[in-house]
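The block underneath contains the structure these notes are about, expressed in structure tokens.
Order of appearance sets the numbers: ligands from 1, and atoms from 1 within every ligand. Bear in mind that the values here come from a model prediction, so they are computed numbers and not experimental data.
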Amino acid sequence: MTNKYKYFVANWKMFGDLKTVNSINKVIKFSKSRKFNNAKIIYCPPYTLLNSFVQKLKNTNIEVGGQNCHQIDSNGPFTGSISSKMIKNLGCKYVIIGHSENRIEGETNSIINQKIKSALNNNLKILFCIGENLKEKRTKKTKKILNNQITRGLKSIRNINNIIFAYEPVWSIGTGIIPKQYDLKNNILFIKQLLQKKFKSKNPKVLYGGSVNHKNVNELRKINQIDGFFIGGASQNSNKFIDIIKKTFI
Ligand code: PGA
């Protein structure tokens, strides 16, 4: 990877409590160093920690995002949900939408489309996750699935400048397995070309997610087309997270 601007999304999933908030002190310190100029870190902790993260990261160049939002963009009788308006109101800049762990729970492309619209209405930037599962990969349906997820998820959305894409093959999440270099490059290029063609996006940003760690990042960073990494497990350990960022820019 050359020295261009890269994203590092820390998706903490359903991990972390009040005690773990201070574990990011090292990352804050690191973010003030020179190397950091070309890195953009976005922490996405569970809802219970969003406010603590926002407060802690005030006056730093690290940003905070929610892990999901309801499709209704303000308030309503939806027990257990939070809206994009609430996430914005807390001081977050981003929200993850379409993660496969939510798609598996029944989140359809059409619901995802409504969620993206609600988040855009509230001026949030979106981390839009897409990716095929193992069966789809084996039956060579990857491109068809990516095309469906993108076209349906972005239905009647014209301006996609505030959407960052995260290509996350489902079979790669939490498994320690990453795609073959050729396939990964090919799929990232496919996504970018689709966005350029169908959505007239000049410079779409596409991250890779799925078992990224401080070891395999040496391999992944060689793919120039990747604009950063979406990191689950390894992002909860500040040393490993920093290591990934450092190695990306070697
Ligand atoms: P992982 O998770 O890095 O633990 O594989 C990635 C993700 O699901 O966002």
Atom indices of ligand 1 within 4.0 angstrom of [X] heavy atoms, with elements:
X      : result
Gly174 : 1 (P), 5 (O)
Gly232 : 1 (P), 2 (O), 3 (O), 4 (O), 6 (C)
Phe230 : 9 (O)

Original post:
Does Gly210 come within less than 4.0 Å of ligand 1, judged by its heavy atoms?
Top reply: yes

Subject >> Proximity flag Ser211 to ligand 1, non-hydrogen atoms under 4.0 Å >> reply: yes

Subject >> Distance-only N or O hit between ligand 1 and Ile231, under 3.5 Å >> reply: no

Subject >> Asp227 with Lys40: basic N within carboxylate O range, under 4.0 Å >> reply: no

Subject >> Pick from Gln236, Gln67, Glu168: the one approaching atom 9 (O) of ligand 1 most closely through a non-hydrogen atom >> reply: Glu168

Original post:
side chain to side chain donor-acceptor pair (under 3.5 Å) between Tyr43 and Ser235: does it pass, once the steps are laid out?
Top reply: CA-CA 9 Å; Tyr43 269 103; Ser235 70; over 6 Å; no

Subject >> Residues that Asn186 engages under side chain to side chain contact (heavy atoms under 4.5 Å, CB included), provided they are two or more places apart >> reply: Lys143, Tyr182

**OP:** Before giving the answer on side-chain contact (heavy atoms from CB on, under 4.5 Å), spell out for Phe190 and Leu146 the whole-Å C-alpha distance, their side-chain angles and the decisive distance to 0.1 Å.
**Re:** CA-CA 9 Å; Phe190 173 78; Leu146 293 174; 4.0 Å; yes

Original post:
What protein heavy atom is closest to atom 4 (O) of ligand 1, reported as residue, atom name and distance in Å?
Top reply: Gly233 N, 2.9 Å

Original post:
Who's the nearest protein heavy-atom neighbour of atom 2 (O) of ligand 1, and how far?
Top reply: Lys13 NZ, 3.2 Å

Subject >> ligand 1-proximal atoms of Ile173, by part, heavy-atom distance under 4.0 Å >> reply: both

Using a 3.5 Å cut-off and no angle test, enumerate the donor-acceptor pairs between side-chain atoms of residues 128-136 and protein atoms at least two apart in sequence or in another chain.
unit_1: Glu132; atom_1: OE1; unit_2: Tyr167; atom_2: OH; d: 2.9
unit_1: Glu132; atom_1: OE2; unit_2: Tyr167; atom_2: OH; d: 3.2
unit_1: Glu132; atom_1: OE2; unit_2: Trp171; atom_2: NE1; d: 2.9
unit_1: Asn133; atom_1: OD1; unit_2: Lys135; atom_2: N; d: 3.2
unit_1: Asn133; atom_1: OD1; unit_2: Glu136; atom_2: N; d: 2.8
unit_1: Glu136; atom_1: OE1; unit_2: Asn133; atom_2: N; d: 2.7

**OP:** Please assess Leu50 against Phe53 for the test side-chain contact (heavy atoms from CB on, under 4.5 Å), listing each intermediate value before the final yes or no.
**Re:** CA-CA 5 Å; Leu50 275 180; Phe53 270 66; 5.8 Å; no

Subject >> Side-chain donor/acceptor of Arg152 to backbone N/O of Asn113, under 3.5 Å >> reply: no

